[in-house]
Amino acid sequence: MFGGANVPISVDAIQEFKLQTSNFSAEYGRSPVQVDIVTKSGTNRLHGGVYEFLRNDLFDAPQWVPVGTKKKNLLKRNQFGGTIGGPIVKNKLFFFFSYEGNREIFSAPQTTTVPSLDMRNGIFPSGVRIFDPNNNGAPFADNTIPADAVNPITLKVLNMVLPAPNLPGVAHVNNAGFALAPTLNYFFNPQRRTTLNQYNGRGDYTISEKDSLSVRYTDSPLHLISQAPLSSGFGGL
């Protein structure tokens, strides 16, 4: 039995669990909630099982988006594994082993707003008034920032972090009828790949009718590759 583990145990390796919300002993520290799990053990009979759970985007509907291409979430998920347990020495020594693998490819198409090409060149729509801080806050002529007033490092960082629009976007005007910056003008479809392998092993030795010894080992390596939320490459895992 163990509690407070950061590695979730495969369901097929669990014999029983208990959820404690209060009045548990000092060995569990000061956590407000505690889950105790008992893993399966071998018996005098050899037993086991295999399983696979499949989800696939072939069975899904496209995601609704206000503008642009309506595209399905890419979801390919295979969760599979098996268990086996039995005696090494009857009535004395037992083993149990489980394996679970998870392979997932997931992407969720999204639409967001990025600065327009005109705005990147300092040209702002008429409904968005901009002011020159170096000229006592006077409005820029033609609502345009001169090229020599733009910091080249700032512009480079802007273009690295926020990619150029790839959709026309949704046009907007203010109450006076002047144009505002377009919205929802960038479509992107970041992808995430997950590879998980979990191994659980347990050995049990019966010393006497009153005493027994149990040893359990869990290994659960996880590999996660995720594209950034935008095509810039920032924010990936």
Side-chain angles (χ1 to χ4, degrees), residues 1-60 72-108 190-229 235-237:
M1 181 174 70
F2 68 98
N6 292 323
V7 178
I9 298 297
S10 171
V11 172
D12 282 63
I14 296 176
Q15 178 68 36
E16 62 182 73
F17 72 93
K18 179 173 66 174
L19 176 64
Q20 300 186 69
T21 57
S22 62
N23 297 327
F24 41 82
S25 59
E27 65 183 285
Y28 297 121
R30 305 175 67 178
S31 173
V33 66
Q34 180 68 34
V35 179
D36 298 330
I37 293 176
V38 178
T39 56
K40 291 180 180 178
S41 62
T43 64
N44 276 326
R45 296 181 60 185
L46 187 67
H47 61 279
V50 294
Y51 61 90
E52 179 169 2
F53 172 73
L54 170 66
R55 284 195 63 182
N56 197 300
D57 59 304
L58 293 176
F59 308 110
D60 295 340
K72 286 186 179 182
N73 286 2
L74 171 63
L75 175 59
K76 298 181 184 295
R77 179 184 176 92
N78 289 80
Q79 189 173 355
F80 53 92
T83 62
I84 186 171
I88 298 176
V89 177
K90 193 172 182 179
N91 296 325
K92 270 294 185 182
L93 185 61
F94 309 93
F95 78 95
F96 179 84
F97 176 79
S98 75
Y99 165 76
E100 180 172 300
N102 188 353
R103 307 292 185 269
E104 181 180 273
I105 302 175
F106 174 76
S107 69
Q191 189 176 107
R192 183 187 70 214
R193 292 176 176 265
T194 303
T195 300
L196 172 68
N197 294 294
Q198 183 180 108
Y199 308 89
N200 294 290
R202 173 169 168 167
D204 293 272
Y205 179 65
T206 301
I207 301 173
S208 65
E209 293 183 356
K210 295 183 179 180
D211 300 299
S212 63
L213 176 67
S214 296
V215 177
R216 181 188 60 82
Y217 176 78
T218 295
D219 184 26
S220 187
L222 170 65
H223 300 276
L224 179 63
I225 301 175
S226 180
Q227 290 179 323
L237 180 61

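All heavy atoms count here, side chains included; hydrogens, waters and symmetry mates do not.
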query = Could you state the interatomic distance from OG (Ser226) to CZ (Arg192), rounded to the nearest 0.5 Å?
reply = 6.5 Å
request  = First locate atom CZ of Phe80, then atom OH of Tyr99, and finally report the distance between them rounded to the nearest 0.5 Å.
outcome  = 4.0 Å
ask   = Could you give the distance from CG (Leu75) to CZ (Arg55), rounded to the nearest 0.5 Å?
value = 5.0 Å
ask   = Do side-chain atoms of His47 reach the backbone of Arg45 as a donor and acceptor pair under 3.5 angstrom?
value = yes
message = Under a plain distance cut-off of 3.5 Å, with no hydrogens placed, do Arg216 and Thr39 share a side-chain donor-acceptor pair?
response = no
note = In short, Ser41 meets Asp204 closest at the heavy-atom pair CB-OD2, 3.1 Å
message = Measuring from atom CG of Asp36 to atom CZ of Phe17, what distance do you get when rounded to the nearest 0.5 angstrom?
response = 11.0 Å
query = Are Asn91 and Asn44 close enough that some pair of their side-chain heavy atoms sits under 4.5 Å apart?
reply = yes
ask   = Do the side chain of Lys92 and the main chain of Thr206 share a donor and acceptor less than 3.5 angstrom apart?
value = yes
request  = First locate atom CD1 of Ile37, then atom CD1 of Ile14, and finally report the distance between them rounded to the nearest 0.5 Å.
outcome  = 4.5 Å
key: Shortest non-hydrogen contact between Leu46 and Phe95, atoms and distance   = CD1-CZ, 4.1 Å
request  = Report the C-alpha distance between Asn200 and Phe96 in whole Å, list the side-chain angles of each, state the deciding distance to 0.1 Å, and finish with yes or no for side chain to side chain contact (heavy atoms under 4.5 Å, CB included).
outcome  = CA-CA 8 Å; Asn200 294 290; Phe96 179 84; 5.6 Å; no
remark   = Heavy-atom closest pair (Glu52 atom, Asn78 atom, distance to 0.1 Å) is OE2-ND2, 2.8 Å
query = With Arg103, which residues qualify under salt bridge (Lys or Arg N to Asp or Glu O under 4.0 Å), at least two apart?
reply = none
ask   = Cut-off 3.5 Å, side chains only: do Glu100 and Tyr51 have a donor facing an acceptor?
value = yes
ask   = Can you list the residues that meet the side chain to side chain contact (heavy atoms under 4.5 Å, CB included) rule with Asn102, with sequence neighbours excluded?
value = Arg77, Glu104, Leu196
query = Got a sec, which residues hit salt bridge (Lys or Arg N to Asp or Glu O under 4.0 Å) with Asp12, two or more places apart in sequence or on another chain?
reply = none
request  = Would you please say whether a donor-acceptor pair under 3.5 Å links the side chains of Thr195 and Arg193?
outcome  = no
task = Kindly check if the number of other-residue, nucleotide or ligand heavy atoms within 6.0 Å of NZ (Lys90) is above 12?
result = no
ask   = Rounded to the nearest 0.5 Å, what separation is found between the CD atom of Gln79 and the OG atom of Ser10?
value = 7.5 Å
query = Is Val215 close to Tyr205 at the side-chain level, that is, under 4.5 Å between some pair of heavy atoms?
reply = no
ask   = Counting N and O atoms only, with roles assigned by atom type, does the side chain of Gln191 sit under 3.5 Å from a partner on the main chain of Ser107, one being a donor and the other an acceptor?
value = no
